Amino acid sequence: MTTSTVSTRSLPPGPSSPKVVQTWRYWREPSTYVRQCHAKYGDRFTLHVWPFGTVVFLADRDDVKSLVRADPEVFQAGASNSFGAVVLGEKSVFVTDGEQHARSRALMMPAFHGKAVRDQVELMREITAANLAGWPVGREFRALPEMQAISLEVISRNVMGIDDPQLKADVQLSVRELVYNGSWFDLLPGQDRFPTLHPAAVRRRRLRARSDALLRWQIEAHRRDPHLDQRRDVLSMLLRASTEDGTAMPDDEICDQLITLLLAGHETTATGLAWCLERLVRNPEVLATAQAAADEDDDTYLDAVVKETLRARTVVPEIGRMLSRDADFAGYRIPAGTHLWPSIELLHESPESFPEPHEFRPERFLEKGAMADWIPFGIGNRRCLGATFAQVESRVVLKELLRRFEFATTDAPPEGPVRRHVTLVPDREATVTIRRLRTAA
Ligand code: HEM
């Protein structure tokens with residue numbers, strides 16, 4: 001991590017414009033502003049981004065490798081993600097550090113291993129097939145909301161194990177309200193000190209309390225299920241799991257983790273799938289190859305399409321770490337409280353790691369070594385728990401789509417990224433047209 005030890009606190013260069021301007025440009029001009037700073041200041045630059053404060057952006061692959069090896073007690077991911085605690089809960093695996101994080105992660109991990117995810121493929125396929133039946137043929141439509149409907153259904157059934165249609169509808173509604181009715185006020189620091197006065201805090205507590213009541217109902221229903229030991233959903237695995245000392249996860253923590261999985265798992269995957277369609281209809285040759293792969297059950301090529309999408313159009317643009325004390329990094333003595341954010345999108349555009357980075361070329365992922373600098377799911381001990389789940393789900397959905405529908409290709413300019421919560425979504429929500437149903441359907 002340390003390239004040299006320096007004694008005075010220092011930061012990489014960055015714009016001298018007022019903090020409010022830097023903040024505004026960061027939030028309002030996703031990708032563009034960060035790229036401009038990269039071109040001007042190089043692979044390490046500093047911005048002031050409200051409500052986080054001082055943020056050092058990193059676009060050098062060696063810096064990212066250093067961060068993987070860095071002490072997680074000093075380079076804290078949970079502290080950097082703490083803005084999420086007001087919705088996800090204080091015990092969420094996303095916002096904790098140290099022992100608490102390690103313990104939760106160890107309990108949740110088995111539910112996301114390859115075999116556990118493979119067991120869920122058939123259910124993912126059924127859910128996708130049922131949803132695709134309602135897609136419009138012969139007219140333009142926005143694919144992102146359709147993808148969200150699929151991924152929310154997948155999460156509700158595969159993660160939460162909800163079969164009861166009314167409970168499922170209630171949980172989905174409350175998740176949608178928690179995610180999509182947020183406002184800028186949700187980011188204001190210190191609002192939980194005045195929880196009964198701040199309108200955003202009041203609304204959020206009400207929504208969270210409703211979600212918790214539904215989740216607790218589901219937890220109890222699972223406990224009463226005589227077949228709990230045979231169930232394959234993530235909640236069942238969490239209820240069965242215990243740490244080495246035999247302590248199971250308490251119910252309030254299970255609620256925090258379930259909310260985290262519901263929120264972290266559905267919007268991200270849906271956004272990746274929307275970008276995938278946006279890319280495919282603008283790359284007719286890739287679309288034709290992917291369609292043939294879907295017909296022939298060639299998962300390798302479809303996986304490469306998913307990977308290339310997540311490289312070329314990053315769903316989550318940065319990974320967050322925050323310093324718990326002053327520390328040396330890349331020749332700087334960086335002050336405590338500073339955030340270090342590896343920029344996934346800048347790293348994915350590096351020609352050294354990905355030759356001709358602006359080409360959409362899934363074939364690059366059929367070659368050996370292509371994955372070394374591919375980090376859409378983050379790094380190290382904080383790498384996305386749902387990385388395998390998301391990729392398998394994306395492939396299953398993509399295969400069903402391509403088997404069923406012939407999409408119209410287009411010369412329209414690429415859709416640009418706009419910010420939605422922590423993700424970058426296509427600005428026209430991946431507007432596409434299905435030309436006709438295929439015989440493979
Ligand atoms: C295309 C889809 C997805 C993308 C791009 C994505 C991306 C990410 C990223 C960048 C992180 C932060 C990693 C870091 O700090 O190094 C993360 C963390 C996380 N993701 Fe995902 N994710 C996706 C889908 C999912 C799914 C499907 C689930 C669960 C069902 C999930 C659950 C989580 C959890 C629990 C964490 C926190 C891990 C920790 O801090 O230990 N994600 N994800």
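Both ligands and their constituent atoms are indexed starting at 1 by order of listing. Owing to the predicted nature of the structure, the values given are computational and were not obtained by experimental measurement. Sequential numbering from 1 along the given sequence is applied to the chain's residues.
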Problem - Test applied, side-chain contact (heavy atoms from CB on, under 4.5 Å); reference residue, Glu393; option that passes from Val154, Val117, Ile127 - result: Val154

Problem - Donor-acceptor under 3.5 Å (Arg311 side chain, His348 main chain) - result: yes

Problem - Side-chain donor or acceptor of Gln291 paired with backbone N/O of Phe405 under 3.5 Å - result: yes

Exercise for the section: Could you list the atoms of ligand 1 found under 4.0 angstrom from a heavy atom of Ile319? Expected result: 14 (C), 15 (O), 16 (O)

Fill in the blank from the handout: Here the atoms of ligand 1 under 4.0 Å from any heavy atom belonging to Phe94 are 37 (C)

Practice task
May I ask whether Pro376 places a heavy atom under 4.0 Å from ligand 1?
Solution key: yes

Handout entry: Any side-chain heavy-atom pair of Ile219 and Leu239 under 4.5 Å
Key = yes

Practice task
Considering the heavy atoms of Ile379, write down every atom of ligand 1 situated less than 4.0 Å from one of them.
Solution key: 16 (O)

Handout entry: Atom indices of ligand 1, in the order listed, that fall short of 4.0 Å to a heavy atom of Arg105
Key = 38 (C), 39 (C), 41 (O)

Problem - atom 40 (O) of ligand 1: the protein heavy-atom neighbour that sits closest, reported with distance to 0.1 Å - result: Arg382 NE, 2.9 Å

Practice task
With atom 21 (Fe) of ligand 1 as the centre, enumerate protein N/O/S atoms below 2.8 Å in chain and residue order.
Solution key: Cys384 SG

Handout entry: Check: Met108 and Leu238 side chains under 4.5 Å, non-hydrogen atoms
Key = yes

Handout entry: Heavy atom of Ile155, distance to ligand 1 below 4.0 Å
Key = yes

Problem - Side chains of Val432 and Phe141 in contact at under 4.5 Å (non-hydrogen atoms) - result: yes

Exercise for the section: Mark yes or no: Arg419 above the aromatic ring of Tyr26, with NZ or CZ under 6.0 Å from the six-membered ring centre and no more than 45 degrees from the axis. Expected result: yes

Completion exercise
The side-chain contact (heavy atoms from CB on, under 4.5 Å) partner of Phe57 among His38, Glu318, Arg44 is Glu318

Practice task
Answer with yes or no whether His266 contacts ligand 1, where contact means a heavy atom under 4.0 Å from a ligand atom.
Solution key: no

Handout entry: Geometric N/O contact His101 with ligand 1, under 3.5 angstrom
Key = yes

Handout entry: Close approach, Gln257 and ligand 1, non-hydrogen under 4.0 angstrom
Key = no

Fill in the blank from the handout: Per-atom filter on ligand 1: closer than 4.0 angstrom to a heavy atom of Arg321 are 14 (C), 15 (O), 16 (O)

Practice task
Please confirm whether Glu318 comes within less than 3.5 Å of ligand 1 when only nitrogen or oxygen atoms on both sides are compared.
Solution key: no

Practice task
Assess whether atom CZ of Arg232 is packed by more than 12 heavy atoms of other residues, nucleotides or ligands within 6.0 Å.
Solution key: no

Problem - Short side-chain to backbone donor-acceptor contact, Arg208 and Val87, under 3.5 Å - result: yes

Problem - Under 3.5 Å: donor-acceptor pair, side chain of Asp326, backbone of Ala336 - result: yes

Fill in the blank from the handout: shortest atom 35 (C) of ligand 1-to-protein heavy-atom contact is with Val93 CG1, 3.6 Å

Practice task
State whether the side chain of Gln391 and the backbone N or O of Ala387 hold a donor-acceptor pair below 3.5 Å, judged by distance alone.
Solution key: yes

